[in-house]
K.L.:
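Here it is: the structure, laid out below.
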Amino acid sequence: MDWADELAASVSGPQVVNDSKTPSGTVHVGSLRGPVILDTITRALRARGIETTLLYGVDDLDPMDAQALLTPDAVEHEMGRPLAHVPDQAGDCHASYARHHAQVFIDTFAGLGILPDRYYWMSDIYPTGAIDPYIRLALDRAELVREIYRRVANVQHPAEWHPIGVICPTCGKVGTTIVTRWDGELVFYECRADHVTWARGCGASGWISPFGGNAKLPWNLEWAAQWGLFGVTIEPGGKDLSTAGGSRDRSAAIAREVFEIDPPLNVPYEFLNIGGKKMSTSKGRGASAHAFTEVVPPEQTRLLFLRPRPNSAIEFDPEGTDAVPRLFDEFDKLAAATAGREVKGELPAGYESIFRYSLLDPAADVAAEAAAFRADFGHLALLVQVPGVDVDGRVEAEKGSALTDRERAVLVERVRAARAWIATYAPERARMTVRDALPIEAGALEPDQRAYLAALAAAAEASPPVAGDGWQALIFSVAAGVGLANGRAFSAIYLAFLGRSNGPRAGWLLASLEPPFVLERLRDAADIKEVAR
RNA sequence: GGGCCGGUAGCUCAACGGCAGAGCAGCUGACUCUUAAUCAGCUGGUUGAGAGUUCGAAUCUCUCCCGGCUCACCA
């Protein structure tokens, strides 16, 4: 995790960290990497005592260009209008489509411990006139802007094109208009039916003031204007923007040449791949943000995103793998190392920073968090599958003392995550089911194991064990009685009930089942191949 | 076509000019009540290919191959 601390060490003076997002739809997991990086940088700067402001912008004057979330009859009317002016399709009391979707990601950020000092909404900022100086510069230097587009991005705008998008006073659309003239106070706009393929303009035209919220700058100029307006010094960007000739290059050139300001330091970051592929909501469970956050709590999600350097792609495939348990294991290892406990294997450079920045609360007591007891995720994933098991009791026994409130909260979170993992991503081998009939795998039982199972059945019938620990004691005492090694005794039980040679604590497993069923199964398994022998 | 990232053990990654390593998985073994835990040990590599620089290359240079993402319309 040298990357964030190195970055923090390389700057001086107060910093303004910024990012902004178009609230066009739902957030998927991969898109959380940017915000986590943003937040990690902010924490690293503050850790060095650098005065830092974290801003997050909502580009809600951008035109509606995705019709997937619109009702069919709304498409014709709403496509191309600013997101801030589109009614909330969900009808759950938000002022607009933009407010609704922005709220979704603001909530997501808060859930990940990302707390910008301020959110700003472009639909609030334009009417104040704060952007007007930038609009004037852009229009006065329209030829320069067109030249930058040609030079930097190889994009050829018509000679009449001006870098401003008027919100059509007739139909309210911003995506459909083009400005062809500027007289120093007013612009001449046309709302064209065929300006873009995804929205249809109304055909209106006329002279209008581009100031005070009547118009918005095109994306690349708006970005540069934000940098100037807020004095942004650091802004990470996804690699889709950071490519040569891409948005970042254009906006940086516009900032320098048109607005005459220095663009912020870029921190380009790669994306999250699922099984070597870009994650997308249409490609199954691995990509579903909802399922992901159900299974991976905030601190582990932060760790996933901030551990690798931003410029390397993250390979993460939760589906049918142990990737999720391993993420927990790594978190626990970092905690142990930070607390000064001995850990197996190597530690990444700056492991304490990685742990600290992974914590949900930026003001958390790192030492206390590191020292807190956390139950092994893999173990929990088993425990939660045993009916009636006292998970809290088991975990406290493992710790050796009562859990603190904080530890109990962590446990609750992990138990929920473990259940969700078993229900969704977990590979079959992590799932444990008591077979309805004697498993075929029980054929592998050796004669001494079958004799043991028969003895266990007899002993259990003679004196029924009352609970998990009763069964557990009986399993051991019968094993000792017939002279069978404990390991082989346990695997005999697992084979008989689960069809596998290992499993969760056998006593509690048997105690959770109906006693007659247990006896019958033990005898069935004991009798198997008895004839053939 | 341009750009970026990557290719190291079965998997995820580290090492970034000085003996190729860790975790997990796998395999052995130990364990009379933490039994998918814990402990001890083992296996596993022509570092994508080729050339170059160097006393020395996974590491630097060049060429190529492969994978992925991304841009070239808008935001």
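The sequence lines fix the lettering, A, B, ..., with proteins before strands; numbering per chain opens at 1. Below, all heavy atoms of this structure are taken into account, side chains as well, without hydrogens, waters or symmetry copies.
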K.L.:
OP1 or OP2 of B:rA72 less than 4.0 angstrom from a side-chain nitrogen or oxygen of A:Arg250, does that happen here?
P.N.:
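Yes, because at least one side-chain N or O of A:Arg250 sits under 4.0 Å from OP1 or OP2 of B:rA72.
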
K.L.:
Parallel, tilted or perpendicular: which one describes the rings of A:Trp223 and A:Trp227, with boundaries at 30° and 60°?
P.N.:
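A:Trp223 and A:Trp227: tilted rings.
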
K.L.:
Separation of A:Phe271 atom CZ from B:rC71 atom P, in whole Å?
P.N.:
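That distance rounds to 8 Å.
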
K.L.:
Is it true that the side chains of A:Ser247 and A:Trp219 contain a donor and an acceptor less than 3.5 Å apart?
P.N.:
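Yes.
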
K.L.:
In terms of ring plane angle, is the pair A:Trp421 and A:Phe377 parallel, tilted or perpendicular, where the classes change at 30° and 60°?
P.N.:
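Perpendicular: the ring planes of A:Trp421 and A:Phe377 meet at over 60°.
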
K.L.:
Base, sugar-phosphate or nothing for A:Leu241? Non-hydrogen atoms, less than 4.0 Å.
P.N.:
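Contact class for A:Leu241: base.
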
K.L.:
Could you state the atom-to-atom distance from CZ of A:Phe490 to P of B:rA37 in whole Å?
P.N.:
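Value for this atom pair: 13 Å.
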
K.L.:
Closest nucleotide of RNA chain B for A:Leu498 versus for A:Ser312: which of these residues is on the 5' side?
P.N.:
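This one resolves to A:Ser312.
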
K.L.:
How would you label the contact of A:His157 with the nucleic acid (heavy atoms, under 4.0 Å): base, sugar-phosphate, or nothing?
P.N.:
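Sugar-phosphate only.
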
K.L.:
Do the non-hydrogen side-chain atoms of A:Leu445 and A:Leu453 ever get within less than 4.5 Å of each other?
P.N.:
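Answer yes - side chains close enough.
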
K.L.:
What integer number of Å spans the C1' atoms of B:rC74 and B:rU63?
P.N.:
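That atom pair is separated by 38 Å.
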
K.L.:
Taking B:rA20 as the reference, what is the distance to B:rG26 when you measure between their P atoms (whole Å, please)?
P.N.:
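To the nearest whole Å, 29 Å.
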
K.L.:
Whole angstrom is fine here: how far is it from CZ in A:Arg248 over to P in B:rG3?
P.N.:
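Between P of B:rG3 and CZ of A:Arg248: 20 Å.
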
K.L.:
Going by atom types alone, do A:Tyr149 and A:Asn220 pair a side-chain donor with an acceptor below 3.5 Å?
P.N.:
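Note: A:Tyr149 and A:Asn220 side chains meet the donor-acceptor criterion.
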
K.L.:
Measure from CD on A:Glu270 to C1' on B:rG6 and round the result to the nearest Å.
P.N.:
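Atom CD in A:Glu270 sits about 8 Å away from atom C1' in B:rG6.
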
K.L.:
Closest to the A:Lys239 side chain: B:rU70, B:rG23, B:rC5?
P.N.:
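The nucleotide sitting nearest to the side chain is B:rU70.
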
K.L.:
Roughly how far apart, to the nearest Å, are B:rG10 and B:rG29 at atom P?
P.N.:
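That atom pair is separated by 24 Å.
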
K.L.:
CD of A:Glu222 versus P of B:rA75: gap in Å, rounded?
P.N.:
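My rounded result for the distance is 9 Å.
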
K.L.:
From the set B:rA75, B:rC69, B:rA72, return the single nucleotide nearest to any side-chain atom of A:Val155.
P.N.:
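The closest nucleotide is B:rA72.
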
K.L.:
Using 4.0 Å as the upper bound for N to carboxylate O, is an ion pair formed by A:Arg309 and A:Glu6?
P.N.:
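The answer is yes: the pair qualifies as a salt bridge.
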
K.L.:
Can you confirm if the NZ or CZ of A:Lys21 lies within 45° of the ring axis of A:Tyr56 and under 6.0 Å from the centre of its six-membered ring?
P.N.:
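Verdict for A:Tyr56: no cation-pi partner in A:Lys21.
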
K.L.:
Send over the distance from A:Leu383 CG to B:rA37 C1', rounded to a whole Å.
P.N.:
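So the two atoms are 10 Å apart, to the nearest Å.
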
K.L.:
Just call it for A:Ser247: base, sugar-phosphate, or nothing, with non-hydrogen atoms closer than 4.0 Å on any strand.
P.N.:
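Base: the residue A:Ser247, judged by heavy atoms under 4.0 Å, touches a nucleobase.
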
K.L.:
Give the B/S/- string for nucleotides 24-33 of chain B, one per nucleotide from 5' to 3', where a protein heavy atom under 4.0 Å of the base yields B, of only the sugar-phosphate yields S, and otherwise -.
P.N.:
S-------SS

K.L.:
Rounded to whole Å, how long is the line connecting atom CD of A:Gln156 with atom P of B:rC73?
P.N.:
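The answer, rounded to whole Å, is 11 Å.
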
K.L.:
Measuring from atom CG of A:Leu38 to atom CG of A:Asn18, what distance do you get when rounded to the nearest 0.5 angstrom?
P.N.:
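That separation rounds to 7.5 Å.
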
K.L.:
Could you tell me how far B:rU53 sits from B:rG41 if I compare only their P atoms? Round to whole Å.
P.N.:
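It works out to 45 Å between them.
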
K.L.:
Rounded to whole Å, please give me the gap between CD1 in A:Ile314 and P in B:rG7.
P.N.:
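Answer to the nearest Å: 15 Å.
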
